[in-house]
Every structure is written in C-alpha cells, then in structure tokens.
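Before anything else, here's the structure in question.
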Amino acid sequence: MQKNMLEALRSIVQEVNDADELQSVLDLTVARVQATMGTEVCSIYLREPTLNRHIFSATEGLNKDFVNRISMAFDEGLVGQVAQREEPINLEHAEAHPKFLFMPGIGEERFSSFLGVPIIHQREVLGVLVVQQQERRRFDEDEEAFLVTVSAQLAGIIAHAQATGAIAPLEPGKERTNRARFKGVAGAVGIAIGHAVVASIPADLHSVPNRQCDDVERELAFFHECLEAVRQQMQDVAGKLASRLAPEEQALFDVYLRMLDDNALASEVDEAIRQGEWAQGAWSRVIRKHIRTFNAMEDAYLKERASDVKDLGRRVLAYLQIANTGPVDYPERTILVGDDLTASMLGEVPPEKLVGLVSVRGSKNSHVAILARSMGIPTVMGATDLPFIKLEGSEIIVDGYNGHVYFNPTPELLQRFQVIWEEEKQFAKGLEQLRDLPCVTTDGHRLPLWVNTGLHADIRRSLDRGAEGVGLYRTEVPFLLRERFPSEEEQRKIYREQLEAFAPRHVTMRTLDIGGDKSLSYFPIEEDNPFLGWRGIRVTLDHPEIFLVQVRAMMKANAGLNNLRILLPMISSVPELEEALELIYRAHDELVEELGFELELPVVGVMVEVPAAVYQARQFARRVDFLSVGSNDLTQYLLAVDRNNARVAELYQSFHPAVLHALQKVADDCHAEQKPVSICGEMAGNPATAVLVMAMGYDILSMSATNLPKVKSVIRNISLSQAQQWLQHTVTLESAAQVREYMEAGLIEAGSSHLVRPLIEEINAPAE
Ligand code: PEP
Ligand code: MG
C-alpha cells in the first residue's frame, strides 16, 4: 500500500475511534473512505443478527433517505455473497453478476464497478463495506488492500460501538428496554447476580466509571476546588524549581498553568456536571476529547500538545480521586468489573460483598482468575467488547460457566439464573459431606488430594473441604498484596501460619514466582515478552538476597513442625537447578550455625513448567525429592498460547494430545528415578483431566479448594482400571476436542454428569 494511503488509514482509524456512537462511526467511515479512495460511493451494510439480514446502514454517494430503512436477507445480493464467502468481491460490471440484486430507490443503477469486503470481528461477520464507481473498471490491488485493511481495523471499533449502543443510557422518564449479552471466557464457574462496581486504575483517564452526581452545585464547587489546588501545587513546584529548571522546562509549567487558567476546559466540564455527570467522569471525557483533537492534527508541534493535555488531565484526575476517597459504598452483591482486574483490586472489596468478577482483558489462566477460583467467585475474563465504564451501578448477571455477562436482564432471565443459583447451593451442600471421606477409587486406589493456596482465606476453605496437604503455596500472593518486600521476620510469620494450620500435613512452598503477568508494584519488570523473560527462578537467582531471605524464613518457620516442602518454579536447566539447590543448602548451613541447633533440611522439588523440563525430568528428579507439574505454564509454552490472551483462549487446550503426552512422559521419567510426581496446575482440578492424570500414575493432585470436592466425588465414583482404559484410548485420539468429548461422555455414563458439564447448558438468551 502506498504511504499516503497508510497515513490516511491511520487518521481514519483515529477519527473513527473517537466517535461516540455507532451511527457516527459508520457515517465517518463511509465519508472518509470515499474521500480517500476517490470513489463515488462508499456504503456499509451491517448484519442484524436477530433478523439475519443486512441493513443498509450508512452511505456516501447513494440515497441517504434509505439508510436504516432497507435491508436484504443474509445471503442476498452481492453483499450477501461477500458476507457468506468471507472474502472480497471485485467486479467491473456488477449488474452482470448473477447474484446482483436491484434495490429500487437507493440509486445504485448508475454504478458499474463494485468492490465489497467483509467486516469480520472474532470470526463473526459484522457486515460488508462496499465502494462503487460509474466507470467500468476493476479496482486495483492497492485499492483492494486498502479497503481490506480499513475493514479489519474498523471491525473492533464497530463491534465496540455496537456493544456500547446496546447499553446506551436511558432517556429520562423512559423505561429501560435495551438488554445485552457480552461474551468472554469462563474464568471461574458459578452464577453471580448483582450490581457492577467499576474498578478504576488511579489516574487512568480511560477507566473512570460513568456516574451521576447527586448535588450539582456541590460537585461544581468540588471540581473548582480541586482545579485550584492543582494550580497552586504547580505554581509552588515551578517556583521552587525556578532556579534549577532550563527555560524550556519552565515553559512546560507555563503551558500547564495556561491550560488550567484558560476557561475553555473548565467550562466544558462545568457544563457536563450541570447535566448531572460527576466531576471525575466529566473531566476524563473532556480531556480525552482534547487529546484526540490534538492527536489528529497534522502539525507536529500541536500533536505534541496531546501529551501535555494528557499529563495535565491525569494530574487533575488523580487529585479528584484522592480528594474523593471516602469509604466506597459497595452494594450488598458487588460484581467488580474492570479493564484488567488485578489481585490487589479484589482485596479492596469487602469479601462478604464480592460475588462476581468481570475483566475485559485476561483469560482463564490469568492469575486473577486462578485466585477467583480459589475463592469460589464466579468470573468472566476476556470480555473484550464490554464497555465496562458504562456499567457502574447496573444490574448484571455473571455466567461463569459459559463466560457470559448479561446486562439489564429480563425478569424471566433473572429468574432462570436464580433457580440455577439455588440449585448450585444445594449441590455444594451435598458435596460438603465428602469432606472426611478418603479419595479412593471403587477398586481401592488411594489418591491424595491437596490444595493450592495463596490468600490467608484459603486456609479455612481448604481445611473445610478436606485438603490432605498443600501442593502449591504461591508465596508471591502475600508479596503482591504489600507495598514493599516483606522482611525475613514478616515472611517467617506468614509461612508459620500456613505450616501450623496444616501440620502435620505437608505444605509445599514455592519460592517467589514473579514476572510474567505477576509484577510487584514495588519491583516492576517491564519487558516486551514477559512470559519468555525474567520470571520465576530467573529473577531470584539474579537476586540471591531475595531468595536467601525467603528460604531462611521458610526454614525458620518450619522449626519443630517439619512439614515444609520447597518448590522451585520455572527451572529450565540443570545448572539453574544446581545453583538454586546450592543456595538452599547454604541458607540451611548458615541458619544452623546461627541458631546453634539442628534444623531439618526440607524436602525440595522442581516444577515442570517449561518444555525443556519435560525432556530433562530424569536429570531433575535425580537431584531432588519430587517433581510437580505446573500444567498452566506447561500448556502455554507447549502450545505457544499466551495464558492471558482472550483472543487465543480457545487454543489453550488442556486436552491437547501434546500436553497429555508430555504429562505421561514426566510421570514415567520421574518414577523411573523412584521419585514421586504431583500436578498442581488447573488440570488437577478439572474432573476429566484429573481422572486422566490419575491413570497416568500421578501420586498427588493439587488444586483449588473450590474444585477439590468435585474431583473427589468423580474419583470415588470410578475405578482405576476404568480410568486406565480411558487413558489408553485417548492416546489414540488426535485432537483436544476428541479427547474432551470422549472423556466427558465416559464420565457422564459413569454417573458424574453434573460435575462434568456445568449445571447449566448454555442459556441462549436473546440479546434484545
Ligand atoms: C502452573 O504454571 O501450572 C502453576 C501451578 O503455576 P502458576 O499458575 O502460579 O504459574
Ligand atoms: Mg506457573
């Protein structure tokens, strides 16, 4: 594509991105594309899924009176052809095509050449973008490439605008009739019905929830007080630094102060507050608009001003937020929604009020989803099209089985979900009775079920569900919830609590596993490719002081209890393992010397999380006491699928034959060295994969406390020989879907249907 087309494309996308609602998005698109390509017509036909028709939705060049008035069946006309074949159609003489459909009135008859490209978002055809011209000619390759690129870039924006339109604010006095369902991925099973609270990131202009203010005059006064305070602050700083600042740096302060003094910004915000918007929302929206305006300017100097407006905007927003921090009034049934939920955001909501989570980013294996599962909070991740800032205060349903979020549900739908919710509670009660029964198959095979912990609350939940040990204590969780590294003594206390609560049962403490998607605010790691970067043992070997303090704290906490097992994350080579072992031995020797009495050397294990570890399992097993498979990371690295990325969530497959082969190899190799092997990834907590790993010979399964009773129930219901037969058959299957279907069918036949399939099948509630 030519350079000027690329530039045009960039500015079209930018401009369209700024439009607030769907019709403006469409109108802007057709106008800009028509002008850039110099064609006579550009139109968009959008698919209306409930009617399955293409609606003539926007045009430049045809008769606008017909916009949103006429439509054609999904497979009708050239537009239908483009949509059905999901590829461009480029014709010199459109009328001669057998599929050409004449639509009287729109004025198409004059135009001979036709180029239509599909608009596709997440594999779904949203509509068709068409350009037409009188002159009889084929559009050239460059033009076709341009239109395809525009369409690909606009698809997400159109989908987002459609979603936002679906929850547009009410007109005063009218009853809300718009309803919507948003798709994401299932993060933690269960149903939650409640009210949305938006988790905003401090000073982030894009995550401030839409909210109304109760008292306009008070809000206006508050806004102006804050503006004045920021102005004052800036003057003070500028004054103090005056002698040390270069003139151009001083000029920056002047620019900011002028922007604050100039009444333009403030009066726009005042106007919005008078309409009932709260100050934070109004300020962010107005600032975002100005940033866009500057960004769209050709002039490089003016373009630069966008970053000044942004910086100033964030400062004032931060001030408004800090000045506004009263205790947040969380609804009784809070559903926390946010762009990218983090563990610390969960911590801010009183646990008894938090009933559900929805995150626009992230996936089933993101750490926040893992935490949610351990806390038993129904969660939807990766709801990419959800206009989350507009949800504040709305009633929503989280369907953590199917990964759906319902906005403003009908009373009937609400009732259906309520029934399921009640049933679930009853069902969970039934499972509670398994607590003191052993996990043993019908033919007498005993399989210890352990738990994964991290939060303090996990201790009680785990013991209540009959955990026989802790297979993975994620030590980074207490680190994540703090503002600095905990000291050795602080760590000792935290670890002692875990060890004491479970003693004499074993507690497997993993050394700090940060990096990847777990970054500590006080130790930020910024990398282009964090999952392939500095994470897990790589960080702690580079910082032996952190590692040694942690290991010492663990060993001190273990004094007199002797139920500690240490687990090393992300080991990918023998030298790495040897280095880590050396440090452990050194810490032990030093401690013994320091304390003056003998301390037991804890059992040490290695996590098998990277493909290299699968192939060196024997070498590792020889050097340590046990191996534990971290199937979450192992799956992501084997399949090259980011565990956090909603776009590829469907490719993250625990039943993938390659994953299963790897697990079998690790079990065999570890046993060949006469060492036990366990599994502590999420696969241990899924009844169907749990049965497979039991058949492979895994000695311990470690999972979230939430999943433990389900897995126990399934295993108590089958025999080991049956599980082994299933395993034998699955190794002949060639795709994840085949394995999953086969296993689920087997378990359903064995009488565990309610544990394999969610209690609800997909409720296909219509969006409208
Ligand atoms: C794993 O990778 O499977 C694992 C248990 O560790 P985490 O999920 O904490 O990365
Ligand atoms: Mg891991």
Side-chain angles (χ1 to χ4, degrees), residues 187-188 342-343 362-375 379 381 449-455 458 469-481 507-520 525 530-540 565-572 576 605-614 617 626-645 652-654 656 659-660 662-663 666-667 677-686 689-690 693 698 700-708:
T342 62
S363 184
K364 185 178 166 192
N365 291 288
S366 307
H367 282 93
V368 71
I370 291 178
L371 276 183
R373 284 200 284 282
S374 96
M375 294 160 81
T379 298
M381 302 291 297
L449 299 188
W450 292 18
V451 278
N452 296 347
T453 59
L455 297 170
D458 290 332
V470 176
L472 171 65
Y473 170 55
R474 290 183 167 96
T475 58
E476 58 280 1
V477 176
F479 279 65
L480 283 167
L481 302 175
V507 175
T508 313
M509 299 201 163
R510 176 170 73 185
T511 61
L512 193 64
D513 183 23
I514 51 170
D517 64 339
K518 290 178 286 193
S519 107
L520 304 175
I525 301 173
F531 277 113
L532 298 185
W534 204 44
R535 67 169 299 209
I537 200 76
R538 300 170 184 181
V539 178
T540 47
R565 297 164 23 123
I566 293 181
L567 183 58
L568 302 168
M570 284 293 291
I571 297 279
S572 60
E576 217 169 37
V606 165
M607 284 195 86
V608 178
E609 302 187 274
V610 293
V614 172
F626 68 96
L627 296 186
S628 183
V629 176
S631 55
N632 305 337
D633 277 314
L634 186 57
T635 306
Q636 104 162 327
Y637 293 127
L638 272 177
L639 304 182
V641 177
D642 179 345
R643 62 194 267 183
N644 276 325
N645 186 341
Y652 186 99
Q653 298 164 335
S654 306
H656 195 295
V659 174
L660 299 178
L663 291 190
V666 174
V677 61
S678 49
I679 174 165
C680 61
E682 295 297 304
M683 282 178 77
N686 172 320
T689 38
V693 293
Y698 277 76
I700 298 168
L701 271 50
S702 188
M703 63 205 73
S704 74
T706 310
N707 287 335
L708 192 145

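When a ligand or atom number is given, it counts from 1 through the structure's own listing order.
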What are the polar N/O contacts of ligand 1 with the protein below 3.5 Å, with distances?
from     : atom 1 : to     : atom 2 : distance (Å)
ligand 1 : 2 (O)  : Glu609 : OE2    : 3.0
ligand 1 : 2 (O)  : Asp633 : N      : 3.0
ligand 1 : 2 (O)  : Asp633 : OD2    : 3.0
ligand 1 : 3 (O)  : Gly630 : O      : 3.3
ligand 1 : 3 (O)  : Ser631 : N      : 3.1
ligand 1 : 3 (O)  : Asn632 : N      : 2.7
ligand 1 : 3 (O)  : Asn632 : ND2    : 3.3
ligand 1 : 6 (O)  : Arg510 : NH1    : 2.9
ligand 1 : 8 (O)  : Arg474 : NH2    : 3.0
ligand 1 : 8 (O)  : Asn632 : ND2    : 2.9
ligand 1 : 8 (O)  : Arg643 : NH2    : 2.8
ligand 1 : 9 (O)  : His367 : NE2    : 3.2
ligand 1 : 9 (O)  : Arg474 : NE     : 2.8
ligand 1 : 9 (O)  : Arg474 : NH2    : 3.4
ligand 1 : 9 (O)  : Arg510 : NH1    : 3.3
ligand 1 : 9 (O)  : Arg510 : NH2    : 2.8
ligand 1 : 9 (O)  : Lys518 : NZ     : 3.4
ligand 1 : 10 (O) : His367 : NE2    : 3.4
ligand 1 : 10 (O) : Asp633 : OD2    : 3.0
ligand 1 : 10 (O) : Arg643 : NH1    : 3.0

Counting only protein N/O/S atoms, those under 2.8 Å from the Mg ion (ligand 2) total 2
Under the 3.5 angstrom rule, does the side chain of Tyr698 hit a backbone N or O of Ala684 as a donor-acceptor pair? no
Salt-bridge present (Lys364, Glu682; N to O < 4.0 Å): no
Whether Tyr637 side chain and Phe531 backbone form a donor-acceptor pair below 3.5 Å: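 Checked: pair present.
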Test item: Gln636 side-chain N/O and Arg643 main-chain N/O as donor-acceptor pair under 3.5 Å: yes
Under 3.5 Å, side chain of Thr706 to main-chain N/O of Arg373, donor-acceptor pair present? yes
Can Arg535 and Asp633 be counted as an ion pair, charged N to O under 4.0 angstrom? yes
Ring of Phe626, cation from Arg565 - is the NZ or CZ under 6.0 Å from the centre and inside 45° of the axis? yes
Consider only side-chain N and O atoms of Ser363 and Asn644, and report whether a donor and an acceptor are under 3.5 Å apart.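 No, no side-chain donor-acceptor pair sits under 3.5 Å.
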Closer than 3.5 angstrom, by distance alone: can the side chain of Lys518 be matched with the main-chain N or O of Asp513 as a donor-acceptor pair? yes
